[in-house]
Amino acid sequence: MAAPLSVEVEFGGGAELLFDGIKKHQVILPGREEPWDIRNLLVWIKKNLLKEQPELFLLGDSVRPGILVLINDADWELLGELDYQLQDQDSVLFISTLHGG
Amino acid sequence: MPAPTCASCQAARAALRRPRSGQALCGACFCAAFEAEVLHTVQRGRLLPPGAVVAVGASGGKDSTVLAHVLRALAPRLDITLHLVAVDEGISGYRDAALAAVRSQAASWELPLTIVAYADLFGGWTMDAVARSTAGSGRSRSCCTFCGVLRRRALEEGARRVGATHIVTGHNADDMAETVLMNFLRGDAGRLARGGGLGSAGEGGALPRCRPLQLASQKEVVLYAHFRRLRYFSRECSFAPEAFRGHARQLLKLLEAARPSAVLDLVHSAERLALVPAARPPRPGTCSRCGALASRALCQACALLDGLNRGRPRLAIGKGRRGLDEELEDAGPGPESRGSGSAAAESKAIPAAPPVPLGTGEGGGRAGAWEL
């Protein structure tokens with residue numbers, strides 16, 4: 001049984017607008033049988049943090065194309081994307097690239 | 001699994017993998033590589049020669065923020081001076097907030113800032129007013145069609161006011177690829193043929209323009225801003241949900257997920273297109289009203305404003321445009337003959353509100369119909 005995890009979840013680039021405008025969320029993920037991975041985290045976020053229009057953040061079991069994911073300041077592509085297993089004190093940042101600039 | 005080590009400095013942990021080379025780099029080495037590539041793009045294309053006074057189209061958004069930051073870092077090496085030019089389209093609840101961001105950036109970068117407003121340039125036609133004028137027609141308002149044309153004109157005007165020799169905008173590779181898709185989807189052969197290359201030399205007296213970031217993917221622009229801790233304005237324009245570009249963007253994102261190189265491949269494909277003779281656009285003339293480069297009697301900006309002023313906003317959009325041209329041909333040329341280059345022209349043949357002058361008109365024409 002995996003222990004609870006304390007994780008910082010951050011939103012930027014406009015994604016925060018889907019989360020009441022709040023950029024940084026310190027979350028406690030409850031203990032569970034299997035380890036927490038990003039896939040589970042997204043399910044948890046949808047259920048507990050996402051305030052509106054889930055289709056603007058999620059597509060299928062992943063993030064919508066155009067949303068970058070950085071885990072501890074590194075592109076999730078380097079770390080296994082959805083399969084990355086979260087550790088205590090990890091920081092996950094979701095940056096939307098979907099606005100004009 | 002732990003992240004690999006940076007391939008460049010071999011010391012820090014890698015933060016990303018570059019899409020084209022697959023090379024894993026740390027944040028600092030990535031930013032250095034990004035800046036080196038922008039420098040290379042500018043130098044190889046001789047886009048901004050020494051002594052250039054460069055007007056930077058600044059919206060407060062991610063692309064123009066990164067553009068201004070990078071050019072400011074490269075300015076001593078390129079021997080150029082920078083002026084920020086921001087356009088106020090008059091979109092309440094959006095542009096006013098974005099301009100606050102631009103002002104703050106200008107202050108922290110210690111760069112001069114000039115703001116040009118649609119309300120002043122176009123006889124009171126803010127985008128909010130355009131939206132009201134075009135609402136209720138039972139079809140898409142096409143606000144963005146107006147805005148694209150007018151903003152380019154406004155940027156040109158702002159650049160002239162600060163004595164610029166060149167204009168730069170922050171278009172990235174994704175923007176370019178979206179435009180290619182849009183032009184294909186709309187059957188716009190003329191724009192497809194002209195959209196390639198690193199910038200326009202400036203025809204008909206228009207200032208040369210270029211897009212130093214156009215080979216950078218949008219993802220890398222955002223990551224650069226992240227690693228350099230740049231603050232930018234990231235709210236969507238109030239009218240953006242209506243824009244046709246949104247469809248192209250969505251399609252592009254899905255394509256990119258399946259094939260990451262699709263973005264740059266699209267741009268390269270468009271650069272290699274040749275049109276069949278029948279599709280080639282005719283040589284442009286000049287606008288009979290303001291003297292800007294134009295493929296018809298009126299340039300796009302004058303035609304759009306004319307439609308608005310006559311209470312027929314769709315007059316110059318799409319098929320409605322043909323009606324306008326026929327009217328003008330029937331009416332015959334105004335007091336100024338074509339190509340005279342005089343602005344504030346009073347074309348008596350068209351019964352309408354007084355035409356909107358588009359600036360002083362000295363020095364020849366302006367950037368005309370060739371939008372990105």
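Labels below follow one simple rule: chain letters A, B, ... track the order of the sequence lines, proteins then strands, and each chain is numbered from 1.
- Looking at B:Gln250 and A:Pro65, their side chains never come closer than 4.5 Å, going by heavy atoms from C-beta outward.
- If you tally non-hydrogen atom pairs under 4.5 Å between each of A:Ser96, A:Gly66, A:Gly12, A:Gly13 and chain B, the highest count goes to A:Gly13.
- In terms of heavy-atom pairs under 4.5 angstrom with chain A, the leader among B:Val66, B:Val222, B:Thr169 is B:Val222.
- Atom CG of A:Asp75 is separated from atom CZ of B:Arg18 by 12.5 Å, given to the nearest 0.5 angstrom.
- Side-chain contact check for A:Leu93 versus B:His226: some heavy-atom pair is nearer than 4.5 Å.
- Annotation for B:Leu254 and A:Leu59: closest pair CD2-CD2, 4.1 Å, computed over non-hydrogen atoms.
- For the residue pair B:Ser234 and A:Gly14, the shortest heavy atom distance occurs at OG-N, 3.2 Å.
- In terms of heavy atoms, A:Leu78 sits closest to B:Ala15 at CD1-C, 3.5 Å.
- At a threshold of 4.0 Å, the pair B:Lys219-A:Glu77 counts as salt-bridged, since one of the basic side-chain nitrogens sits closer than that to a carboxylate oxygen.
- Residues B:Leu223 and A:Leu70 have side chains in contact (heavy-atom distance under 4.5 Å, counting atoms from C-beta outward).
- The two residues B:Arg13 and A:Ala74 make their nearest non-hydrogen contact at NH1-CB, 3.9 Å.
- Listed options A:Leu17, A:Asn72, A:Asp83 were ranked by heavy-atom pairs under 4.5 angstrom with chain B; first place goes to A:Asn72.
- Heavy atoms closer than 4.5 Å to chain A are found in both the backbone and the side chain of B:Ala14.
- When every heavy atom of A:Ile95 is checked against every heavy atom of B:Tyr232, the shortest pair comes out as CG2-OH, 4.1 Å.
- Remark: B:Glu220 CD to A:Thr97 OG1 distance equals 12.5 Å, nearest 0.5 Å.
- Around the CZ atom of A:Arg39, the shell of radius 6.0 Å holds more than 12 heavy atoms that belong to other residues, nucleotides or ligands.
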